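Below is one structure, written out as structure tokens, with a few remarks after it.
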Amino acid sequence: MSIMKNIRNKTFSPIYLLYGKESFLINDVKQKLMANVLKNGSEEFNYSAYDLEEVPVELAIEDAETYPFLGEKKLVIVHNPVFLTAVKQKEKVEHDLKRLEKYVSDPAPYTVMVFIADYEKLDERKKITKLLKKHAEILEAKPLNEPQLKSWIRERAAFHHAEIEEPAVDTLVFMTGNDLMALNEELIKLSLNAGEKGLITEEMVKRLVSRSLEQNVFALTESVVKRESGEALRIYFDLMKQNEEPIKILSLIAGQFRLIYQVKELTGRGYSHKHAAGLLKVHPYRVKLAAGQARSFSNEELKAIIDLIAECDLKLKSGGLDRSVAVELLLMKIMQEK
């Protein structure tokens with residue numbers, strides 16, 4: 001990301017516009033600016049932040065136009081510039097946008113002014129938006145696509161003084177999703193456990209990364225597929241101890257077996273894992289795992305299992321049988337389906 005490289009090299013833009021819904025990326029740039037713009041303990045004198053839902057933008061401009069004290073540069077952070085969007089709302093304060101337009105066109109060279117707009121879209125028709133897009137250094141903080149996410153994970157691992165194997169990257173994305181905050185927390189934990197070699201392996205990810213309910217149900221399904229009844233029931237009883245709802249667990253089991261059936265159908269027709277993932281709108285790694293699980297069943301067996309799950313769902317919703325017992329019996333029936 002060139003914006004980060006410039007900040008590390010102390011090449012600052014007088015104005016930044018950070019917008020989008022990926023708050024981790026925005027906060028990362030903000031923290032880097034604070035660490036690099038402000039130095040020698042000048043934070044107390046040369047850092048300020050304004051919430052434009054509470055104060056007019058003119059206050060931030062006046063601050064930005066005032067020379068820094070005991071430092072070379074000032075850092076002025078401006079939050080909630082709702083006037084950059086098409087949102088129609090009655091604002092509590094009025095903003096002098098003409099004055100802001102004038103400042104953006106000719107900013108103070110000794111101030112770094114940062115507009116943080118955690119909105120998905122800006123109104124490109126507005127003059128102030130156009131001026132900021134022209135004069136500011138821009139970060140559009142939108143969710144990363146798969147290649148970007150994997151690249152980010154590798155870079156973040158390096159930031160934490162570790163290297164991560166490619167299979168470990170795939171498994172980490174599958175287990176954690178695309179929540180950058182959660183991914184960063186897991187990478188911190190993994191890097192601390194990487195040892196002298198500083199290498200994060202797939203085995204480490206599987207052992208150390210916190211499992212969500214969905215991940216526990218996937219492990220449960222994997223045990224069911226392998227007919228490991230002891231392990232399957234151990235995971236299920238652990239989930240019961242955690243007060244997870246049987247009906248929710250059943251829903252996730254149903255989703256996993258539907259995916260296995262769909263992947264078996266698509267790969268049987270010659271679709272690649274990547275193409276199947278695109279059609280099913282799931283992560284390619286999930287398709288890869290589902291394809292492996294599908295080899296344990298015929299199409300008819302999978303249809304029979306889906307019918308069993310539907311019957312169990314009906315029992316749970318009709319209240320005819322204890323929910324926990326109903327799902328336990330279902331798991332045993334599936335493992336006998338051969």
Side-chain angles (χ1 to χ4, degrees), residues 1-43 46-49 64 68 71-79 81 84 103-120 122 129-166 168-169 172-173 176 178-188 190-192 194 198-200:
M1 194 185 299
S2 61
I3 190 170
M4 297 295 260
K5 184 178 179 181
N6 290 338
I7 291 170
R8 284 194 295 268
N9 292 336
K10 305 290 193 293
T11 305
F12 306 117
S13 170
I15 302 177
Y16 290 86
L17 172 60
L18 316 178
Y19 76 97
K21 301 300 289 183
E22 188 50 80
S23 58
F24 185 91
L25 294 176
I26 289 176
N27 193 57
D28 200 24
V29 173
K30 176 185 170 183
Q31 295 300 321
K32 292 293 187 301
L33 283 167
M34 292 181 70
N36 287 275
V37 174
L38 305 171
K39 51 188 179 180
N40 301 325
S42 66
E43 297 95 330
N46 294 319
Y47 170 75
S48 51
E72 296 177 10
K73 285 189 178 292
K74 299 182 70 170
L75 180 62
V76 177
I77 307 286
V78 181
H79 294 276
L84 297 179
Y103 182 85
V104 169
S105 299
D106 185 24
Y110 43 78
T111 296
V112 174
M113 195 171 196
V114 185
F115 290 87
I116 295 181
D118 56 353
Y119 316 117
E120 191 170 352
L122 303 182
T129 306
K130 292 176 181 176
L131 279 171
L132 279 167
K133 286 278 186 114
K134 179 181 178 181
H135 294 284
E137 188 156 357
I138 309 289
L139 171 72
E140 184 180 0
K142 58 185 179 181
L144 305 180
N145 60 33
E146 188 182 344
Q148 290 170 333
L149 186 62
K150 288 183 176 182
S151 177
W152 182 89
I153 288 171
R154 288 189 288 269
E155 290 173 6
R156 205 69 196 169
F159 176 78
H160 295 305
H161 311 291
E163 183 182 353
I164 183 165
E165 293 180 340
E166 199 59 30
V169 173
L172 182 59
V173 172
T176 311
N178 61 357
D179 183 331
L180 300 188
M181 190 72 72
L183 281 166
N184 186 59
E185 288 174 1
E186 296 297 349
L187 284 166
I188 291 172
L190 289 163
S191 64
L192 289 172
L199 182 65
I200 299 171

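Source: prediction; values computed, not measured.
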query = Does the pair M4 and K32 meet the rule for a side-chain contact (heavy atoms from CB on, under 4.5 Å), with working shown?
reply = CA-CA 8 Å; M4 297 295 260; K32 292 293 187 301; 3.4 Å; yes

Can you tell me how far [atom2] of [Y] sits from [atom1] of [X], rounded to the nearest 0.5 angstrom?
X: I164; Y: L190; atom1: CD1; atom2: CG; result: 6.5 Å
X: L38; Y: E72; atom1: CG; atom2: CD; result: 11.5 Å
X: L17; Y: L139; atom1: CG; atom2: CG; result: 8.5 Å
X: L180; Y: D28; atom1: CG; atom2: CG; result: 9.5 Å
X: K133; Y: L84; atom1: NZ; atom2: CG; result: 10.0 Å
X: L33; Y: K73; atom1: CG; atom2: NZ; result: 11.5 Å

key: E163, CD atom: more than 12 neighbouring heavy atoms under 6.0 Å   =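 No, because the 6.0 Å sphere around CD of E163 holds 12 heavy atoms or fewer from other groups.
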
[X] versus [Y], closest heavy-atom pair with distance:
X: I200; Y: S191; result: CD1-N, 4.1 Å
X: L25; Y: K142; result: CD1-O, 4.2 Å
X: Y16; Y: I7; result: OH-CG1, 4.0 Å
X: V104; Y: I15; result: CA-CD1, 3.6 Å

Is it the case that the side chain of [X] and the backbone of [Y] share a donor-acceptor pair, with hydrogens and angles ignored and the cut-off at 3.5 Å?
X: T176; Y: L172; answer: yes
X: D179; Y: M181; answer: yes
X: Q148; Y: N145; answer: yes

Partners passing side-chain hydrogen bond (donor to acceptor under 3.5 Å, both in side chains) against [X] (at least two apart in sequence or in another chain):
X: K30; value: none
X: Q31; value: none
X: S23; value: none
X: N184; value: R156, H160

message = Under 3.5 Å, is there a donor on one side chain and an acceptor on the other for N36 and K10?
response =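 Note: N36 and K10 side chains meet the donor-acceptor criterion.
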
[Y] side chain reached by [X] side chain, heavy atoms, under 4.5 Å:
X: L75; Y: N46; value: no
X: M34; Y: Y47; value: yes
X: E165; Y: V169; value: no
X: V173; Y: N178; value: no

With F24 via ring-ring contact (aromatic ring centres under 6.0 Å, His included) - residues at least two apart =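 Per chain and number, F24 pairs via ring-ring contact (aromatic ring centres under 6.0 Å, His included) with W152.
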
For a quick test of your reading: what N or O donor-acceptor pairs under 3.5 Å do the side chains of residues 105-120 make, sequence neighbours left out?
{"from": "S105", "atom 1": "OG", "to": "E101", "atom 2": "O", "distance (Å)": "2.9"}
{"from": "Y110", "atom 1": "OH", "to": "E65", "atom 2": "O", "distance (Å)": "2.6"}
{"from": "T111", "atom 1": "OG1", "to": "A64", "atom 2": "O", "distance (Å)": "2.6"}
{"from": "Y119", "atom 1": "OH", "to": "V82", "atom 2": "N", "distance (Å)": "3.4"}

